[in-house]
Every structure is written in C-alpha cells, then in structure tokens.
Amino acid sequence: SQQGEEDPQALSIQEGENATMNCSYKTSINNLQWYRQNSGRGLVHLILIRSNEREKHSGRLRVTLDTSKKSSSLLITASRAADTASYFCATDAGSGGSNYKLTFGKGTLLTVNP
Amino acid sequence: NAGVMQNPRHLVRRRGQEARLRCSPMKGHSHVYWYRQLPEEGLKFMVYLQKENIIDESGMPKERFSAEFPKEGPSILRIQQVVRGDSAAYFCASSLYGTVGTGELFFGEGSRLTVL
C-alpha cells in the first residue's frame, strides 16, 4: 500500500491565498521531504523535516510533522501563479529500513489562478 | 554547475525493441538512483547504484530491466523487449551521500518513454 498519500488530490485557489496540502504515511520514518514537480519536468526538492522535528520553515513554505499521527502538512503562504505544480511528499524507511530509498505519494495538483 | 543530466528526454519505441536511458549525476556525486513514474502516479524506486556496483535493485522488474553505472561514463537503464506497460517517465537522481537524510536527492528532468 502507499507509504505516503497526499490529500487533497487536487487544489485550486486564487493568487494570494494560502494552500495547505497533507500527507499521511504508514510506517516509521527517518525523514519526510516535500518535492515540487512542474508539468513535464523533474522533481525539485523543497524541504526536508526530520522525525524529531515538529515544524520547519523555508521562505513561504511551512512544514509540520506529527509522528504520532503519521502525518505532515505543507503550507504555502501568499501563493503565486508560479506555484502551480504537483507537490509530493516522500518518506524514507525508519529503523532497520533503507533510508536511501524514498517512497512517494501520488501528489497534490495545485492550481493557483491569477 | 550542471545538474543531473538525462537523455534522451523523449524516446519512442515499438514493442519488442530496446530502450536505453542515460543519466549523468551531478558533479562529485557517486550515488545514483532510478525511479519510474507512471501516469497520474508518484515515483517508484527502481534501483540504487554506486560506481560499478548495484547496491539495491529491489524495485526493478526481474526480467528485461537492467542498470549499470560504470567507472567512466553515465549510468544506463536498459529495458529490453519493451511492452506498452513500460511507457512511463524514468527519473534519475543523484546524491552526495548514500543516506538521503544527510542530503536531498537531485533529480534530472526525466526520460519519457512511449511504447507503441
């Protein structure tokens, strides 16, 4: 079954609004990462949060991690049309697992309307 | 400072032909990973290689697929006797270290294989 599953599958907002995407996973992890993928392009790393961290910020991005609920959220504030992309969470296996092997969810397609 | 370079970007093959996808990691990176992305899906791990060694190929189909990362030159993902189900985007990533927790993966733009 999917390790990381993003929610919602698709999100459409207006420029300037905030966008929140969620990710749930099933097994213990070392780290959780968020990636962005523009249509037809490769993945761009956004942010990594370790299992012992609860919140992390990078520019307009805010990521939270709740290991008790096995979930993470990505908040993009003051969204721009250029933020339109698919967003994926990726986890690596926890204790005893292969922490070089990332498991991706199916992604959230974010559309920011100008 | 070139990133991960993949070629070809697009490849069309007929059923039964062979597909060869190439990946040059970022300068100084010796860890290479191949992932496959089916339409409307997330990426799935296929194989992890270091120079001249396959470290983990647990995500790679047992038949028709092979990967190498020679001492000189790019990493190659080879698919023999392609079938329609092989149509996907194949992404290569590289990292400075083998444990992703100490550094993120840098992805290439992908090679999109279409099997007719």
More than 12 heavy atoms of other groups within 6.0 Å of B:Arg64 CZ: yes
same_hphob_cluster(A:Met21, A:Leu109) at 4.5 Å side-chain heavy-atom cutoff: no
Contact summary for A:Phe88 and B:Glu41, nearest pair of heavy atoms: CE2-O, 4.1 Å
Spacing of CG belonging to A:Asn38 relative to CD belonging to B:Glu109, to within rounding of 0.5 Å: 9.0 Å
Qualifying residue, where the test is ring-ring contact (aromatic ring centres under 6.0 Å, His included) with A:Phe104 and the options are B:Phe91, B:Phe45, B:Tyr35: B:Tyr35
OH on A:Tyr35 to CG on B:Leu43, rounded to 0.5 Å: 9.5 Å
CD/B:Glu63: more than 12 non-hydrogen atoms of other groups inside 6.0 Å: no
Heavy-atom proximity to chain B below 4.5 Å, by part of A:Gln37: side chain
Same apolar cluster (I L V M F W Y, side chains within < 4.5 Å links), A:Ile76/A:Ile49: yes
Heavy atoms of other groups near A:Glu53 CD, more than 12 under 6.0 Å: yes
Part of B:Gln6 lying under 4.5 Å from any heavy atom of chain A: neither
Neighbour count above 12 (heavy atom, 6.0 Å) for B:Arg15 CZ: no
Between A:Lys101 and B:Ser58: side-chain donor-acceptor atoms closer than 3.5 Å: yes
Any donor-acceptor pair under 3.5 Å from B:Arg112 side chain to A:Gly40 backbone: yes
